[in-house]
Each structure stands twice: as structure tokens, then as C-alpha cells.
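Working notes for the structure below.
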Amino acid sequence: MGLFLLDYGAGNVQSLANTLERLGRSFRWIESPSDFDDATSLIFPGVGAFQTAVDGLTSRGFLEPLRQYISSGRPYFGICIGMQVLFQSSTEGSAPGLGIIPSVIDAFSNEDKTVPHMGWNSVHLIDPQSMADEGLLDEALHYYFVHSYRATYDPEREPGAAQWVHSVAQYGKEVFVATVQRDNVFGCQFHPEKSGDAGLRLLDTWLREPGLARSGSQVQSPPSQRVPFPPRPKDGLAKRIIACMDVRTNDQGDLVVTKGDQYDVREKNENKVAAPDPSLAVAVTGGAVRNLGKPVALAARYYAAGADELALLNITSFRHSPLRDQPMLAVVRAAAATVFVPLTIGGGIRDTVDPDGTPRSALEVAGAYFRAGADKVSIGSEAVYAVERQRATSVADGNSAIETIARVYGRQAVVVSVDPKRVYIDGDVAAFDGPRKSELVRGSGEEEGKAWWYQCTVKGGREARDLSVVELARGVEVLGAGEILLNSIDRDGTGRGFDLDLVSLVRQNVRIPVVASSGAGHVSHFVDVFKKTGVEAALAAGIFHREEVQIDEVKGALTKAGVQVRNGSGL
């Protein structure tokens with residue numbers, strides 16, 4: 001008897017387990033259909049694609065016991081897919097849902113916005129007088145959403161479904177269901193386990209009173225009348241500040257956070273100044289790998305400082321193979337148990353072969369990271385090769401890491417990390433008639449009279465490919481990537497600011513979110529990249545590691561400039 005968690009076998013459910021442990025709650029996993037009989041309250045932290053979730057529930061014999069559990073009146077909390085499965089069906093797949101809520105889940109339109117809807121958004125209570133509002137949601141706070149499909153809120157066309165709606169959110173001009181609540185059922189489209197302190201409070205409130213005093217209720221309470229919620233002039237989506245940690249093995253075999261200057265992570269001299277915190281001290285050995293601290297300690301610090309997301313990118317060669325690199329998996333597990341915001345993991349997400357000859361697919365590698373606590377995986381060189389194959393044959397073969405992972409976990413789980421560099425045009429720019437003529441960027445100021453295009457690289461920038469950044473960005477969007485992490489070899493480690501020409505070029509050519517990276521050296525650089533490019537997120541590493549710029553300083557400057565951000569720390 002007690003609290004149970006339902007796992008259908010895919011996605012990062014470990015984060016919810018970590019959150020419950022942080023809150024001091026004991027729980028058990030549903031391991032067989034009979035376990036539903038022992039549950040007095042149940043949380044379904046669904047992550048991934050609707051079709052995969054329903055197929056997983058069905059294959060394990062969980063679908064009908066889940067339906068019976070909810071019908072019994074015992075408290076149920078569904079998260080993301082755990083909420084969507086309450087509906088009749090989803091256009092994300094052909095499998096039917098539980099049909100408890102009479103409506104269909106459909107895809108976001110990308111006409112006026114990027115998709116997936118990814119980031120921190122505010123919610124609006126539809127029935128503020130409801131008992132369910134006491135301590136659960138706060139309209140002044142932001143919650144973390146990451147999804148491509150949603151339930152619309154339309155009380156005039158779907159009055160039956162609208163009676164379930166507890167709160168809504170707005171993305172672009174679309175108003176969609178953020179939470180549902182009726183009797184013993186509560187569900188949210190966002191991820192409370194990834195929503196920092198706001199999410200922890202929501203879960204703690206529900207756990208203190210599962211079902212909010214309706215436990216065991218067999219009778220539907222009379223719902224209040226729902227009214228339309230017209231779209232507001234501006235949605236509540238905040239711009240994201242991401243702290244990145246490049247992790248690699250140093251010469252002593254330890255995993256450390258490092259930082260490069262144009263991708264060179266080794267010291268150039270021996271005259272280094274110690275950091276104010278000894279745990280973050282920079283290595284002083286000439287030619288050694290720069291050591292800016294331990295990954296888990298830095299992750300905890302950035303979470304407390306208010307980072308909206310964290311990225312751990314393994315930039316070293318794996319000792320054996322990604323699945324046998326236990327130190328990196330251990331770092332992911334430890335970081336996920338410490339931070340309660342989204343965590344992206346990169347490095348080695350590709351088809352590999354173990355030393356003993358065992359083949360490992362990219363999907364298998366990604367699954368191991370998700371089970372360890374990652375929310376998204378970042379794919380680098382493999383994405384370039386996949387787009388090259390696609391362009392050579394004019395079709396996608398369905399076997400790339402992007403496609404296989406997105407099919408199972410949803411495109412929102414797949415980030416493509418891009419490493420472009422400038423290629424300057426020789427001679428008369430006006431007379432240039434090469435294949436990338438439409439992608440040329442013409443310089444101004446100090447670079448007046450110059451022009452260039454952006455060429456993609458692989459292997460950490462060491463090898464250039466005959467592929468432009470626009471061709472790559474468009475290609476990975478078609479293959480199923482949910483986000484682009486846009487680096488710049490030219491700006492990396494320079495502190496000169498983001499390459500605004502590069503960011504604007506990619507932002508204008510895709511309809512998926514873009515994260516600007518490389519070059520930040522001052523708070524004004526963050527203001528510039530958001531105000532001048534419309535990018536969804538900005539990432540930095542070295543300036544945060546060395547404490548040259550604080551995350552709250554960045555957010556303060558953005559707020560002053562009229563850029564919407566999530567306020568508050570992770571504590």
C-alpha cells in the first residue's frame with residue numbers, strides 16, 4: 001500500500017524519483033498489473049511520444065489496470081504524457097487513449113512560433129475558486145514545458161472536455177490546457193520535477209493531500225461553468241539562460257569541467273590565477289587540460305543560481321564505449337539527483353561497437369542517459385553525416401540517431417549541436433556566384449567589404465565538410481530534431497559576444513528552437529542576442545565557471561531591457 005510510480009519503459013522517469021526523494025517521500029514502482037491494487041495514490045510521469053507510451057502500457061498489461069485504478073476514485077497525478085493519455089487519442093499516433101476526457105491531442109501550429117514548445121511558461125487558472133488551486137499553482141511563477149502536441153481549450157466547441165480544465169497556458173496565439181483536475185484526477189502538461197522550486201511545491205502540496213481531499217470519491221463533483229480565454233497580446237514564454245559544462249578526462253583520468261579557446265582546451269601558459277573557491281581552481285600546469293571544477297558541484301551551483309537549464313557535454317573520447325563509460329553515467333545520475341531543471345547530455349550519442357564486439361545503437365545509448373536522469377541528448381557529428389546522406393539520396397532512411405531517438409522519445413528530446421565556422425569569399429563579392437550565394441553574410445564596421453558563409457565541421461571542429469550551416473539546420477529539422485545548439489568556432493572563448501549574423505541566419509531558416517552559444521563575455525551580449533535575433537535561449541560556459549558574470553546579473557539586465565525571463569533560484 002502507498003504511493004506508486006508508473007513507468008512504461010521510456011523517457012526520463014528517474015527525475016521524478018529524485019524529486020520525491022528530495023521531498024522525503026517513499027514510493028514503489030508499478031512492476032506488474034497486480035501492483036495497481038496496492039496503490040493508494042499513483043503518479044504517471046509520462047515522457048516521450050504518445051504512441052510509444054500507449055504501446056508500452058499495453059505490452060506490459062498496464063493499460064486496463066490503469067483505467068480501473070482511475071475509475072476507482074483513488075488519487076491520480078499524470079505528468080505530460082501521463083496527462084495526455086487521459087484523452088481520447090492523439091494525432092501523434094494511431095493508438096487510442098483512455099478516453100476519460102472527451103477530446104483529442106493535436107500538434108501545435110508553427111505558423112507564428114517554433115515547435116516544440118520548449119521552456120518556462122506561465123499558467124492562468126480557469127477556476128480560481130476551486131479547492132484544487134490552494135497551494136498547487138501560482139500564476140506569478142513559470143513552469144517547464146517541453147512538448148509538440150497539446151490539448152486546446154475551447155469551451156464553446158468542447159464543453160465536456162473544458163469541464164476538466166484547471167489552468168491554461170499560451171504559446172504564440174494558441175491557448176492550450178496546462179492542467180486538468182476533477183475529483184481524484186490531476187494532470188499537468190508541464191514537468192513539475194523540472195520546474196525548480198515551483199514544481200517542488202506543487203508536488204509537495206499534492207502529496208500532502210493526494211486528490212486534494214477527494215481520495216476515494218466515486219462521484220463526479222458538479223463542475224463550474226468554463227468560459228473562453230482569449231489569447232493575450234504576448235504569451236508567457238521566458239527566454240532561457242543555459243549553463244554549459246564541457247566535461248572531459250584530464251591527464252590524470254578524472255572527469256573535469258573544462259573550457260576551450262576556439263575549441264583548444266589545454267593551457268597555453270603556466271601563469272594562472274586561482275579561483276576564489278578552491279574547488280573551482282584552474283589547473284596551473286602548462287599544456288594541461290583546463291580544470292574549472294567538478295561537474296556535479298558546478299551543476300548544483302548553477303541550479304541554485306537560477307540557471308534555466310544545464311548542459312553536460314562529454315568532449316573527450318570514451319574509455320570503452322558510451323554505455324561502458326560508468327564515470328560519465330555516474331556524473332549524470334548525481335547531477336540529476338541534485339538539480340531540478342532540464343539536463344541535456346551530449347557525447348557519444350551514435351551507433352557504436354563495444355570492445356567485445358557487441359553493437360550498440362544510438363537509441364540504446366540515449367536510453368541509458370535518459371534512465372540516468374537526462375532530459376535531452378545532444379548529437380553532433382552524427383547529425384552532419386545523417387544530413388549528408390539525406391541530401392545525397394533526397395530521402396531520409398529512418399536509421400539516423402536523430403530519427404530513431406525522436407521516434408521513441410519525441411523530437412523534443414533531440415538536440416543537434418552545430419559547429420560552424422566562417423569561410424570568407426576571395427575577390428569581388430558582387431561577382432560571387434557560388435552555391436551558397438543566398439547564404440552570404442556581408443560584413444559591416446570593421447569587416448566592411450567582406451563576405452562569408454558558414455561551413456559545418458565535425459570531430460570538434462577539426463574537419464570541415466561540404467555542408468553549410470543552413471543546409472544542416474534545415475536538414476536536421478526534417479529528420480526530427482527538436483532544438484539546435486548553435487556554436488561558433490570563430491567566437492568560442494573570445495568574449496566578443498555571440499555571432500549575431502550566424503544566429504540570425506539560422507533562426508530565420510528553421511521553425512524549431514535555437515540556442516545561441518559561443519562568445520559571451522558580458523551581460524550586454526545576452527541582451528543583444530535576444531533583442532536582435534529572436535533566439536529562444538542563450539548558453540554560456542567559461543564566464544559562469546570563472547564567475548566573471550553571474551546568472552542573476554544576466555537576468556537582471558534582460559528584465560531591464562524588456563526581455564521576459566524566469567525569476568528566482570532553484571532553491
Side-chain angles (χ1 to χ4, degrees), residues 11-19 22 45-48 79-81 114 116-121 141-148 171 188-200 202-203 237-245 295-296 298-313 331-346 349 366 369-379 405-406 409-417 481-485 512-517 536-541 544 551 555 565-566 568-570:
N12 174 15
V13 296
Q14 184 59 44
S15 289
L16 180 63
N18 293 338
T19 301
R22 169 72 172 263
V47 180
I79 298 173
C80 194
I81 295 296
T114 60
H117 171 223
M118 186 180 296
W120 300 78
N121 208 334
L141 299 177
H142 287 83
Y143 300 87
Y144 185 77
F145 292 82
V146 55
H147 58 122
S148 300
Y171 183 39
C188 56
Q189 180 61 69
F190 57 83
H191 288 269
E193 76 279 16
K194 291 296 176 180
S195 295
D197 187 54
L200 292 173
L202 185 159
L203 283 164
L237 187 65
K239 299 295 187 180
R240 291 174 281 147
I241 302 300
I242 302 174
C244 179
M245 289 153 282
V296 177
L298 279 175
R301 192 184 88 187
Y302 294 143
Y303 170 64
D308 298 314
E309 292 187 27
L310 300 174
L312 283 167
L313 306 181
V331 165
V332 176
R333 292 189 189 98
T338 307
V339 303
F340 302 95
V341 294
L343 181 62
T344 297
I345 304 300
I349 312 299
Y369 278 127
F370 289 137
R371 288 188 293 276
D375 300 285
K376 297 183 279 188
V377 292
S378 176
I379 301 172
I405 297 170
Y409 296 102
R411 71 185 304 150
Q412 68 275 359
V414 182
V415 180
V416 168
S417 181
E483 186 174 51
I484 292 174
L485 172 54
I512 57 177
V514 176
V515 179
S517 175
E536 285 76 18
L539 174 151
F544 291 155
I551 292 173
K555 291 192 172 184
V565 297
R566 176 184 73 108
S569 69

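With rounding to the nearest 0.5 Å, the separation of CZ in F340 from CG in L200 is 6.0 Å. In this structure, I345 CD1 and L310 CG are separated by 9.0 Å, a value rounded to the nearest 0.5 Å. Distance CG/D308 to OG/S195: 11.0 Å, rounded to 0.5 Å. To the nearest 0.5 Å, atom CD1 of residue I484 and atom OG of residue S417 are 10.5 Å apart. For the atom pair CD (E309) and NZ (K376), the distance works out to 3.5 Å, reported to the nearest 0.5 Å. To the nearest 0.5 Å, the span separating CG on L237 from CE on M118 amounts to 10.5 Å.
Side chain of R566 to backbone of K555: no donor-acceptor contact under 3.5 angstrom is found. A donor-acceptor pair under 3.5 Å is formed between the side chain of K194 and the backbone N or O of V341. D375 contributes a side-chain N or O that, together with a main-chain N or O of L343, makes up a donor-acceptor pair within less than 3.5 Å.
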Q) Run the side chain to side chain contact (heavy atoms under 4.5 Å, CB included) check on V377 and F370 step by step: do they pass? A) CA-CA 8 Å; V377 292; F370 289 137; 3.9 Å; yes

Q: Would you please test L16 and L203 for side chain to side chain contact (heavy atoms under 4.5 Å, CB included) and show each step?
A: CA-CA 10 Å; L16 180 63; L203 283 164; 3.9 Å; yes

**Q.** CA sep, side-chain torsions, deciding dist, call: I242, L485, side chain to side chain contact (heavy atoms under 4.5 Å, CB included)
**A.** CA-CA 11 Å; I242 302 174; L485 172 54; over 6 Å; no

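Relative ring orientation between F145 and F190 is described as perpendicular, the plane-to-plane angle rising above 60° on a 0-90° scale split at 30° and 60°. Note on ring orientation: taking the six-membered ring where Trp is involved, the planes of H191 and Y144 are tilted (angle from 30° to 60°).
L202 and P192 get closest at one heavy-atom pair: CD2-CB, 4.5 Å. L539 and A311 get closest at one heavy-atom pair: CD1-CB, 4.4 Å. Nearest heavy-atom pair across S15 and E193 is CB-CG, 4.0 Å. The two atoms that bring A299 and A335 nearest to each other are CB-CB, 4.4 Å, heavy atoms only. Pairing each heavy atom of L141 with each of A198, the nearest pair is CD1-CB, 3.7 Å. Between C244 and A541, the closest heavy-atom pair is O-CB, 3.4 Å.
Using a 4.5 Å heavy-atom threshold, the side chains of I241 and V565 count as separate. Counting heavy atoms from C-beta outward, V514 and E536 have side chains that approach closer than 4.5 Å. Counting heavy atoms from C-beta outward, P342 and V146 have side chains that stay 4.5 Å or more apart. At a threshold of 4.5 Å between non-hydrogen side-chain atoms, the residues Y302 and I551 count as touching. A heavy-atom distance below 4.5 Å is not found between the side chains of Y369 and T344. You'll find the side chain of I512 stays beyond 4.5 Å of the side chain of E483, heavy atoms only. Side-chain contact between I349 and I405 is present, with heavy atoms from C-beta onward closer than 4.5 Å.
A side-chain contact (heavy atoms from CB on, under 4.5 Å) with H147 is found for exactly one of Q189, Q412, R411, namely Q189.
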